[in-house]
> 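Let me begin by handing over the structure; questions about it come next.
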Amino acid sequence: LKDIAKADKEEKDAVALYEKTKSALTQEKTDLESEIGTLGETKANAEQEVEDNKGSRSTKAGELKVLMDKIKGAEPGCAFFQINYAV
């Protein structure tokens with residue numbers, strides 16, 4: 001009789017511990033899944049920002065090329081004045 005009561009108490013304690021552990025792990029899983037979603041959004045935003053920056057750099061490179069071509073076109077006249085006239 002004493003052994004049965006002791007076994008019943010140990011079983012109830014084990015079940016309670018199991019339920020508590022299961023609940024904690026389920027909550028942790030839910031939290032981690034939420035964090036995965038948040039990090040996925042952050043990653044997507046960062047990738048979009050990279051693409052935007054690439055486009056912006058491409059535009060600025062085009063503007064620089066136009067400016068450099070304009071400077072090269074004006075260079076022969078500038079060199080003439082530098083060589084023939086004291087500055």
> Please check if atom CD1 in Ile4 has more than 12 non-hydrogen atoms from other residues, nucleotides or ligands closer than 6.0 Å.
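No, because the 6.0 Å sphere around CD1 of Ile4 holds 12 heavy atoms or fewer from other groups.
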
> Listed by chain and number, what are the salt bridge (Lys or Arg N to Asp or Glu O under 4.0 Å) partners of Lys43, not counting sequence neighbours?
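If we apply the salt bridge (Lys or Arg N to Asp or Glu O under 4.0 Å) test to Lys43, skipping adjacent residues, there are no hits.
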
> Apply side chain to side chain donor-acceptor pair (under 3.5 Å) to Asp52 and list each qualifying residue two or more places apart in sequence or on a separate chain.
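Partners of Asp52 by the side chain to side chain donor-acceptor pair (under 3.5 Å) criterion, ordered by chain and then number, come out as Gln48.
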
> Quick check for you: to the nearest 0.5 Å, what is the distance between Asp3 atom CG and Glu10 atom CD?
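So the gap between those two atoms works out to 9.5 Å.
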
> Throw together a table of side-chain donor-acceptor distances under 3.5 angstrom for residues 28-41, partners on residues two or more places apart or in other chains.
from, atom 1, to, atom 2, distance (Å)
Thr30, OG1, Thr26, O, 3.0
Asp31, OD1, Gln27, NE2, 2.9
Thr38, OG1, Ser34, O, 3.1

> List for me each residue that meets salt bridge (Lys or Arg N to Asp or Glu O under 4.0 Å) alongside Asp13, sequence neighbours excluded, and say none if there are none.
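Asp13 satisfies salt bridge (Lys or Arg N to Asp or Glu O under 4.0 Å) with Lys9 only.
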
> Please set out all donor-acceptor pairs under 3.5 angstrom arising from side-chain atoms of residues 58-65, sequence neighbours excluded.
from, atom 1, to, atom 2, distance (Å)
Thr59, OG1, Gly55, O, 3.0
Lys65, NZ, Asp69, OD2, 3.2

